[in-house]
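Order of appearance sets the numbers: ligands from 1, and atoms from 1 within every ligand.
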Amino acid sequence: MPELEIKNVSKTYKKGAVKALDDFLVTLTSGVYGLLGPNGAGKSTLMNIITDNLNAERGEIIYDGENIKRLGKEYRSVLGYMPQQQGLYEDFTLNRFLWYMAALKGLKKKEAKQKITSLLETVNLSSSAHKKLGSFSGGMKQRALIAQALLNDPEILILDEPTAGLDPKERIRIRNFISEIAEDKIVLISTHVVSDIEFIAKEIILLKNGQLVSHDTCGNLIKEIENIVFEVEIEREDLKRFQDNYRLSNLYNEEDKIIVRIVTDNPPENYAAQPVNPTLEDLYLYVFENEK
Ligand code: ADP
Ligand code: MG
């Protein structure tokens, strides 16, 4: 089983003023990992270091027991990366783009031809192969970028916000597709959208201000907030006070009352706060939003 160790990696920007990654430590084996954190958490920095596009200031990345700096080309040949900043070649047809990327990755002509044909099928874009990327929808562009990341049959697949800017239908498609291709690979997906990874990730890695908060299965993570998620029936005029004082994960109207869902260590007194089963969404709020 492949193993990627991220060992005590740190990285700062602006002469140390911004700690983008702070002593980050995690080991990945095959399966889908969800890297979850808000904007600025350090997700892209981590991915850039894992893919050797950025140097860490401290720490190292070890693939199957060997430092990736020592592996060099050998490491790049097992790596597939879909960066967040997409220098998409708008004037290229999809076909030309994939041939171009295949050449950059050093694929032989015959190999490239077979691979491109089968990948176009996989990402369901065969009929658009001769259209320009500039004319593609958001979902088609994302699928084209995933396809290029798969050209070299990577053992490690790093996808930086693959569902950014997609509508719900496209998100579901991409999600199912990632889940399908993940077999026997290390797949790391970054997102700030809980539903992108809730059901497909074997483990979720919570990243906050460059630091690892925790990493575990979704089920185990949710256990951490058992007994602190409540539904409370309140009067309409109390809503503002609840919004100001609690992490509100949901609210809905019921006749003349409002039911709010809150995540709190200190449930309000004088209200019948009903404990409810926590979700990953509640956990996200608990970890990334401070109680006011
Ligand atoms: P994420 O991908 O989770 O949004 P990033 O890794 O892009 O987070 O950024 C982490 C932190 O580092 C943020 O505070 C961001 O502003 C800062 N940062 C990222 N890249 C640079 C850079 N090239 N120069 C200065 N600061 C940066
Ligand atoms: Mg990012």
Looking only at protein heavy atoms, identify the closest one to [atom] and say how far it is in Å.
atom: atom 5 (P) of ligand 1; value: T45 OG1, 3.7 Å
atom: atom 24 (N) of ligand 1; value: Y13 CD2, 3.7 Å
atom: atom 13 (C) of ligand 1; value: G40 O, 3.7 Å

Lys/Arg N to Asp/Glu carboxylate O, [X] vs [Y], below 4.0 Å:
X: R261; Y: D282; answer: yes
X: E60; Y: R70; answer: no
X: D52; Y: R76; answer: yes
X: R171; Y: D196; answer: yes
X: D22; Y: K11; answer: no
X: E235; Y: K257; answer: yes

Worksheet, complete the sentence: On a heavy-atom basis, the closest approach of L150 and K185 is CD2-CE, 4.2 Å
Would you mind running through ligand 1 and noting each atom that sits below 4.0 Å from a heavy atom of [X]?
X: A41; result: 1 (P), 3 (O), 8 (O)
X: V18; result: 12 (O), 14 (O), 17 (C)
X: P38; result: 3 (O)
X: N39; result: 4 (O)

Worksheet item: Hey, mind stepping through T29 and I186 against side chain to side chain contact (heavy atoms under 4.5 Å, CB included) and telling me if it holds?
Response: CA-CA 6 Å; T29 55; I186 296 172; 5.6 Å; no
Worksheet item: Protein N/O/S atoms under 2.8 Å from the Mg ion (ligand 2): how many?
Response: 2
Discussion item. So, regarding G42 and ligand 1 (criterion: nitrogen or oxygen to nitrogen or oxygen, under 3.5 Å), is there a contact or not?
Written reply: yes
Worksheet item: Does an N or O anywhere in S44 fall below 3.5 Å from an N or O of ligand 1?
Response: yes
Worksheet item: Do the side chains of F24 and I6 get nearer than 4.5 Å, heavy atoms only?
Response: yes
Discussion item. Using heavy atoms and a 4.0 Å limit, tell me yes or no: is G37 in contact with ligand 1?
Written reply: no
Practice prompt. Measure from the ring center of F136 to the ring center of F97 and say whether it is less than 6.0 Å.
Written response: no
Worksheet entry | side-chain hydrogen bond (donor to acceptor under 3.5 Å, both in side chains) partners for T45, two or more places apart | Y13
Discussion item. Does the protein place a non-hydrogen atom closer than 4.0 angstrom to atom 3 (O) of ligand 1?
Written reply: yes
Discussion item. Please report whether atom 11 (C) of ligand 1 has a protein non-hydrogen atom at a separation of less than 4.0 Å.
Written reply: yes
Worksheet item: Do other residues, nucleotides or ligands put more than 12 heavy atoms under 6.0 Å from the CD atom of E74?
Response: no
